[in-house]
Colleague: 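One structure, pasted below without further comment.
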Amino acid sequence: MFAPRLARPAPGTCRLATLPHVPRSLPIALCAALLTICPVPVAKAITPSPRAPTGALGSGETVRLPVIPGTLDPGASCTKESPTVMKVTPWTHDVLELSEARKYGQGDGVTVAVVDTGVVPEARALKGRVTVVGDAGEDCVGHGSFVAGLIAASAGDSTGADLGGMAPHARVLAVRGTDAYGRTDADRVAAGIREAAQARAQVIAVPLALSKKSRALTSAVRYATTRDCLVVAAAAPDTGPGDGTATPAAGPGTYWPAAAEDVLSVLDFGPDGTRPEGAAEPAGADLAAPGDKVVGTGPRGRGTFTGSGPSFATAFVAGAAALVRSREPRLTAQEAARRLTLTAYPADAPRLDVYAALTSVPHGQSSAAPRPASPRPVVLSLSDGTGAMRIAVSVVASSLVLLLAAVAVRGTVRGRRRRHEASTEDPTPMHMP
């Protein structure tokens, strides 16, 4: 797990000096005036899908999408093509503001390794950008190809909807971390991380979660860290049908390699800001990203799949890391991780804010990238209903402080003027007895 995030100072905290008397009705009048003149925008609510494997296809039509599996039974047939093509942009694009984030980079020059069931080089929207290690070019399960699509699928290379990945210009390194049916263990994952680090992948996505710590696994993570590779891993296993590499613990559990030092651990949330009922609960996570009811491309054909779990949230964070490392190539892996965590929305598991990570420079870090040409509109968090209230309170409080300061200055000037006028008046004549 990555180092603890720095605590954020409470916004609007300050101490005011003693000011001249201000009418009690003034703050109330100010608040009313501000909210009347400059209304605060309210975040558009997102209606969660009724069931995980469904997706809106426009004109009010709703159809069932096949779920991408995490594992297959030994001897089972490979995952078939999806017969359905998504025709609307997934909810994840709106929450992550991908259209805005892509204006500041698309992952050029960065390679993201996917340590999973493999990645099919001919998969739609990934052609020409997949490098294969060993037999990782075969993906019978389809999970690795789906994850790779969430990371780097080409934007616009789809039918009717933007199913592009986080970093559509990034390259993908396919590394096998499971057997042909998606089953895995610590040695397989450790070997995959080492192979990815040896290939100099700047970001290593590990959408696998193991319940037992191993020396080989922690050693592989240390090796990757020494080679300036940022390892991003699922903080918990998926719990959908055919998913998961570890049996979820009864309470909060610790999963590997996410719990290893310097690994960026990731948890999931859905369209309504919550996690699915019965989802595995980790002891902690560095970031949260969309992971429930996500939609993407599969290993074969032009159809669309859906999936739920931390493994898919890992893909979004890995893609965001690729964008940061592409835009700020001088940042080390750990500096890129800090950029993502420090710019995240505050929450129990801080929520990924891709735009802020690309355009903000936290204290102590420098940026060679140019500032955006125009200021970004205020974007409210969709995970709760307090975003608009926080902004309203912040605007009112800031304006009130400025007004009170102006009153103080005006009162001081008036006081000095009165004293000056009194000292320059003709002295009262003295009556001699």
Side-chain angles (χ1 to χ4, degrees), residues 2 46 68 89-102 104-107 110 112-116 119 125-126 143-155 162-170 172 202-209 230-236 238 258 263-271 273 275-276 279 285-297 305-326 336-337 339-341 343-345 347 349-358 381-383:
F2 191 69
I46 292 182
I68 196 75
T89 299
W91 69 272
T92 52
H93 284 49
D94 292 331
V95 170
L96 294 171
E97 299 179 278
L98 288 192
S99 61
E100 291 297 317
R102 287 174 182 161
Y104 298 90
Q106 299 194 41
V110 174
V112 181
V114 178
V115 183
D116 202 348
V119 178
L126 291 174
H143 191 275
S145 298
F146 184 86
V147 167
L150 296 178
I151 295 172
S154 297
D162 181 6
L163 296 179
M166 291 287 291
H169 289 181
V172 172
Q202 290 97 321
V203 181
I204 302 175
V206 186
L208 306 168
L230 176 54
V231 180
V232 183
D238 297 345
V263 173
L264 196 58
S265 60
V266 185
L267 200 58
D268 59 311
F269 64 84
R275 302 192 64 221
D286 297 309
L287 281 174
D292 183 26
K293 303 181 179 70
V294 302
V295 176
T297 58
F305 289 83
T306 186
S308 294
S311 67
F312 308 118
T314 300
F316 287 115
V317 174
L323 293 178
V324 170
R325 300 209 73 177
S326 173
R339 176 71 63 85
L340 292 170
T341 56
T343 57
Y345 290 112
R351 301 198 170 188
L352 177 66
D353 185 344
V354 185
Y355 187 100
L358 294 175
S381 172
L382 297 176
S383 61

Colleague: Minimum heavy-atom separation for S265 and A235, please, with both atom names.
Modeller: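 So the two residues come closest at CB-CB, 4.1 Å.
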Colleague: How many angstroms lie between atom CG of L352 and atom CG of L267, to the nearest 0.5 angstrom?
Modeller: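 Reported to 0.5 Å precision, the distance equals 13.0 Å.
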Colleague: Enumerate the residue pairs fulfilling salt bridge (charged side-chain N to carboxylate O under 4.0 Å, His left out) with a member in residues 305-315, sequence neighbours excluded, ordered by first and then second residue.
Modeller: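 Pairs touching residues 305-315 that pass the test: none.
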Colleague: Heavy atoms only: give me the nearest L230-A321 pair and the separation to one decimal.
Modeller: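 Taking every non-hydrogen atom into account, CD2-CB, 3.7 Å.
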Colleague: Checking T306 side chain against V295 main chain: does a donor-acceptor pair fall under 3.5 Å?
Modeller: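 Side chain of T306 to backbone of V295, a donor-acceptor pair under 3.5 Å: no, none is there.
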Colleague: For A233, enumerate each residue passing the side chain to side chain contact (heavy atoms under 4.5 Å, CB included) test, keeping only those at least two apart in sequence or located in another chain.
Modeller: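 By the side chain to side chain contact (heavy atoms under 4.5 Å, CB included) rule, A233 matches V206, P257, A258, V263.
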Colleague: List the residues meeting ring-ring contact (aromatic ring centres under 6.0 Å, His included) with F316, not counting sequence neighbours, and say none if there are none.
Modeller: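 Result, ring-ring contact (aromatic ring centres under 6.0 Å, His included) vs F316: none returned.
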Colleague: If the condition is side chain to side chain donor-acceptor pair (under 3.5 Å), which residues does S311 pass it with, not counting sequence neighbours?
Modeller: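 Once residues adjacent in sequence are excluded, the partners of S311 under the side chain to side chain donor-acceptor pair (under 3.5 Å) criterion are H143, D238.
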Colleague: So, taking the atom named CD1 in I68 and the one named CZ in F305, what distance separates them when rounded to the nearest 0.5 Å?
Modeller: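 With rounding to 0.5 Å, CD1 (I68) is 4.5 Å from CZ (F305).
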Colleague: Could you tell me the separation between the CG atom of L287 and the OG1 atom of T314, rounded to the nearest 0.5 Å?
Modeller: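 So the CG of L287 and the OG1 of T314 are separated by 10.5 Å.
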Colleague: Considering residues at least two apart in sequence or located in another chain, which fulfil the side chain to side chain contact (heavy atoms under 4.5 Å, CB included) criterion with H93?
Modeller: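 Side chain to side chain contact (heavy atoms under 4.5 Å, CB included) list for H93, sorted by chain: T89, P90, L98, R102, D162.
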Colleague: Which distance, rounded to the nearest 0.5 Å, do you find between the CD1 of I151 and the CZ of F146?
Modeller: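 Here the rounded value is 11.5 Å.
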Colleague: Could you pull out the closest heavy-atom pair between G144 and V119, with the gap in Å?
Modeller: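 So the minimum-distance heavy-atom pair works out to O-CG2, 3.7 Å.
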Colleague: Restricting to non-hydrogen atoms, name the atom on L96 and the atom on P290 that form the minimum distance, rounded to 0.1 Å.
Modeller: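 Closest pair (atom of L96, atom of P290, distance): CD2-CD, 3.8 Å.
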Colleague: Rounded to the nearest 0.5 Å, how far apart are CG of D353 and CG of L358?
Modeller: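 Taking CG in D353 and CG in L358, the distance rounds to 9.0 Å.
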Colleague: Closest heavy-atom contact between L126 and S145?
Modeller: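 Here L126 and S145 meet closest at CD1-O, 4.3 Å.
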Colleague: Do R275 and D268 meet the salt-bridge criterion of a basic N to acidic O distance under 4.0 Å?
Modeller: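 A salt bridge links D268 with R275.
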Colleague: Partners of A357 by side chain to side chain contact (heavy atoms under 4.5 Å, CB included), sequence neighbours excluded?
Modeller: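 With neighbours one apart ignored, the set is V324, R339, L340, T343.
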Colleague: Checking the side chain of R325 only, and the main-chain atoms of V110 only, is there a donor and an acceptor separated by less than 3.5 Å?
Modeller: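 Side chain of R325 to backbone of V110, a donor-acceptor pair under 3.5 Å: no, none is there.
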Colleague: Is the backbone N or O of A125 less than 3.5 Å from a side-chain atom of S154, with the two atoms forming a donor-acceptor pair by type?
Modeller: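 A pair under 3.5 Å: yes.
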Colleague: First locate atom OH of Y355, then atom CD of E97, and finally report the distance between them rounded to the nearest 0.5 Å.
Modeller: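 Answer rounded to 0.5 Å: 8.0 Å.
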Colleague: Minimum heavy-atom separation for A285 to P350, with atom names?
Modeller: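 Nearest pair, atom of A285 first, then P350: O-CD, 4.4 Å.
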